[in-house]
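A short worksheet on the structure shown next.
Note that the numbering runs from 1 along the sequence shown for the chain.
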Amino acid sequence: MKVFVVGANGQIGKHLVDLLKDSQEHSVRAMIRKEEQRKHFEKIGVESVIVNLDEIAKAAKGCDAIVFTAGSGGSTGADQTLLIDLDGAVKTIEAAENLGINRFIMVSAFQANNRENWNEAIKPYYVAKHYADRALLQSSLTYTIIRPGGLVNEPGTGHVAAAEELERGTIAREDVAQTILASLIEENTYNRSFDLITGDTPIPQALKTI
């Protein structure tokens, strides 16, 4: 499976690209938005394309799956959150449908599906994630929506808790990337949405029991 990673230069994206590069089952094409980001991917021998979010259909042609892990980041305003986390995500969903790329994995936000659990301090981010997820749910794609808890840069443990509703917790970005990788071909994640935090269950087993 050739996987097109949107947000490949982000922290989860870089972990995922490394995992896909080393995988025996998949290959990867990294979507980046700036020329200076290309060096990293050239160095590790990964195909990359520089495009903006309006050109995804052209850049993703020939791929079998899309992972949307792009994000505006915590230092931008609500305008960039709207343009990247919502409009960018919906454009990517539309591109996948137009290209016939059926498999789509969305990295969302913890409890983005439940308004009563949104973090008021970053409410525009939650609004964007909520409606991007709804667009994916209403699409024709075989989707998986992963809603990670608080993201940390600690080494991954390979053990998680995954369920439709969990108590708030944290998770290493590396473990989010491992979960994305495992979800690509784990049929139990097809057309499913779930929260994800650090836990006691190995990732493959956790995905089989959500």
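Taking a cutoff of 4.0 Å between a charged side-chain nitrogen and a carboxylate oxygen, E35 and R38 qualify as a salt bridge. Classification of R147 and D195 as a salt-bridged pair holds, one side-chain N sitting under 4.0 Å from a carboxylate O. Ion pairing between a basic and an acidic side chain is recognised when a charged N comes within 4.0 Å of a carboxylate O; K91 and D54 show such pairing.
Side chain of T170 to main chain of G150: no donor-acceptor pair is present (N/O by atom type, distance under 3.5 Å, no hydrogens or angles). Judged purely by atom type and a 3.5 angstrom limit, D87 has no side-chain atom pairing as donor or acceptor with the backbone of L82. A donor-acceptor pair under 3.5 Å is formed between the side chain of T189 and the backbone N or O of S183. The main-chain N or O of D175 is found under 3.5 Å from a side-chain atom of T179 such that the two form a donor-acceptor pair. The closest donor-acceptor contact from the side chain of R29 to the backbone of V49 lies at 3.5 Å or more, if one exists at all. In this structure, the side chain of R103 engages the main chain of T142 through a donor-acceptor pair within 3.5 Å.
Using a 4.5 Å heavy-atom threshold, the side chains of V176 and H15 count as separate. Counting only heavy atoms from C-beta outward, the side chains of I93 and Y143 never approach each other to under 4.5 Å. Taking 4.5 Å as the limit, some side-chain heavy atom of N114 sits within range of a side-chain heavy atom of E165. Two residues are said to be in side-chain contact when any heavy atoms from C-beta on lie closer than 4.5 Å; V17 and K14 fail this criterion. With a 4.5 Å cut-off on side-chain heavy atoms, L184 and L20 count as touching. Under the 4.5 Å side-chain criterion, counting only non-hydrogen atoms from C-beta, K43 is not in contact with H40. The shortest side-chain heavy-atom distance between Q111 and E116 does not fall under the 4.5 Å cut-off.
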Pairs of donor and acceptor atoms involving the side chains of residues 202-210, under 3.5 Å and at least two apart or interchain, shall be tabulated with distances.
| from | atom 1 | to | atom 2 | distance (Å) |
| --- | --- | --- | --- | --- |
| K208 | NZ | E186 | OE1 | 2.9 |
| T209 | OG1 | Q205 | O | 3.3 |
| T209 | OG1 | A206 | O | 3.1 |

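The distance from atom CD1 of I197 to atom CG of L151, rounded to the nearest 0.5 Å, is 12.5 Å. For the atom pair CE (M31) and CD (E55), the distance works out to 8.5 Å, reported to the nearest 0.5 Å. Rounded to the nearest 0.5 Å, atoms OH (Y125) and CG (L86) are 12.5 Å apart. With values rounded to the nearest 0.5 angstrom, E154 atom CD is found 10.5 Å from R173 atom CZ. Atom NE2 in H159 sits 12.5 Å away from atom CD1 in I171 (nearest 0.5 Å). Atom CZ of F110 and atom OH of Y126 lie 7.5 Å apart (nearest 0.5 Å).
Within a 6.0 Å radius of CD in E42, more than 12 heavy atoms belonging to other residues, nucleotides or ligands are found. Around CG of D79, the count of heavy atoms belonging to other residues, nucleotides or ligands within 6.0 Å exceeds 12.
Taking hydrophobic clusters as Ile, Leu, Val, Met, Phe, Trp and Tyr residues chained together by side-chain heavy-atom distances below 4.5 Å, V160 does not share a cluster with L166.
The only member of I180, L181, T144 that meets side-chain contact (heavy atoms from CB on, under 4.5 Å) when paired with V67 is I180. When the options N191, N113, V107, L137 are evaluated for a side-chain contact (heavy atoms from CB on, under 4.5 Å) with I145, the one that passes is L137.
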